[in-house]
Amino acid sequence: MRGDVHRLRVREDAVGHEERDTRYAVVLQTAALATSTLIVAPTSTSAAPGLLHPKLDMNGTATVVLVEQMAAVDPTRLGDFAGRVDPEEWVDVERAVKLVLGLL
């Protein structure tokens with residue numbers, strides 16, 4: 001599950017900067033932790049890549065992971081499976097997570 005990309009089901013009560021349109025998210029949490037929520041980070045095709053926005057290639061579409069927006073979500077919010085983060089790309093995702101959490 002870690003590294004999987006899923007379509008997020010839209011929240012009807014989304015406010016502020018939360019998106020109400022189709023959105024994808026990368027699962028950051030390891031499957032070894034059995035919790036009632038999953039830590040995910042949303043993706044964007046319009047944000048610029050950078051230290052906190054590692055690049056992904058989603059079936060030919062340039063995408064970034066918005067690591068600074070990681071959040072705990074109910075697993076029922078995960079919709080259709082959309083792919084997996086490549087191991088080379090995962091290194092950048094992990095680096096960004098560590099940077100956001102102050103672990104570097």
Side-chain angles (χ1 to χ4, degrees):
M1 172 145 285
R2 184 173 185 224
D4 288 354
V5 181
H6 286 268
R7 180 185 302 258
L8 278 179
R9 291 191 169 91
V10 178
R11 287 181 46 183
E12 297 300 321
D13 61 342
V15 296
H17 292 287
E18 294 182 36
E19 298 288 331
R20 290 181 186 86
D21 55 354
T22 300
R23 196 71 181 262
Y24 293 89
V26 175
V27 177
L28 301 175
Q29 182 173 320
T30 179
L33 296 175
T35 62
S36 62
T37 58
L38 289 172
I39 305 296
V40 302
T43 64
S44 173
T45 56
S46 61
L51 282 176
L52 300 182
H53 296 159
K55 295 185 288 186
L56 298 182
D57 178 358
M58 283 186 55
N59 302 320
T61 302
T63 305
V64 298
V65 183
L66 303 175
V67 174
E68 81 283 6
Q69 293 183 28
M70 69 178 117
V73 299
D74 188 296
T76 61
R77 290 235 14 239
L78 297 183
D80 296 333
F81 176 78
R84 278 193 69 64
V85 176
D86 290 334
E88 302 82 30
E89 296 170 329
W90 187 253
V91 171
D92 293 334
V93 172
E94 283 187 327
R95 185 179 306 115
V97 169
K98 288 176 183 178
L99 184 62
V100 166
L101 297 177
L103 301 174
L104 279 180

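Just so it is clear, the values below take in all heavy atoms, side chains as well, and ignore hydrogens, waters and symmetry mates. Keep in mind it's a predicted model, so treat the numbers as computed, not measured.
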When every non-hydrogen atom of Leu56 is compared with those of Val26, the smallest separation belongs to CD1-CG2, 4.0 Å

Within-4.5 Å side-chain heavy-atom neighbours: Met1 and Leu38:
yes

More than 12 foreign heavy atoms under 6.0 Å from CG of Leu99: is that the case here?
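Yes, enclosed.
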
Measure from the side-chain N and O atoms of [X] to the backbone N and O of [Y], and report whether any donor-acceptor pair falls under 3.5 Å.
X	Y	answer
Arg23	Thr43	yes
Asp74	Thr76	yes
His6	Gly79	yes
Gln69	Pro42	no
Arg2	Gln29	no

Practice item. Using the rule that two of Ile, Leu, Val, Met, Phe, Trp, Tyr join whenever any of their side-chain heavy atoms come within less than 4.5 Å, decide whether Val100 and Val27 are in one cluster. Key: no

Open item on the list: According to a hydrophobic-cluster definition based on side-chain heavy atoms being under 4.5 Å apart (Ile, Leu, Val, Met, Phe, Trp, Tyr only), do Val73 and Tyr24 belong together?
Closed with: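 No, separate clusters.
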
message = If I take atom CD from residue Glu89 and atom OG1 from residue Thr63, how far apart are they, to the nearest 0.5 angstrom?
response =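 Spacing of CD (Glu89) from OG1 (Thr63) equals 9.0 Å.
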
Here the gap from Asp86 atom CG to Met58 atom CE, rounded to the nearest 0.5 Å, amounts to 11.5 Å

When clusters are formed from ILVMFWY side-chain contacts under 4.5 Å, directly or step by step, what else is grouped with Leu66?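 Its cluster mates, by chain and number, are Val64.
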
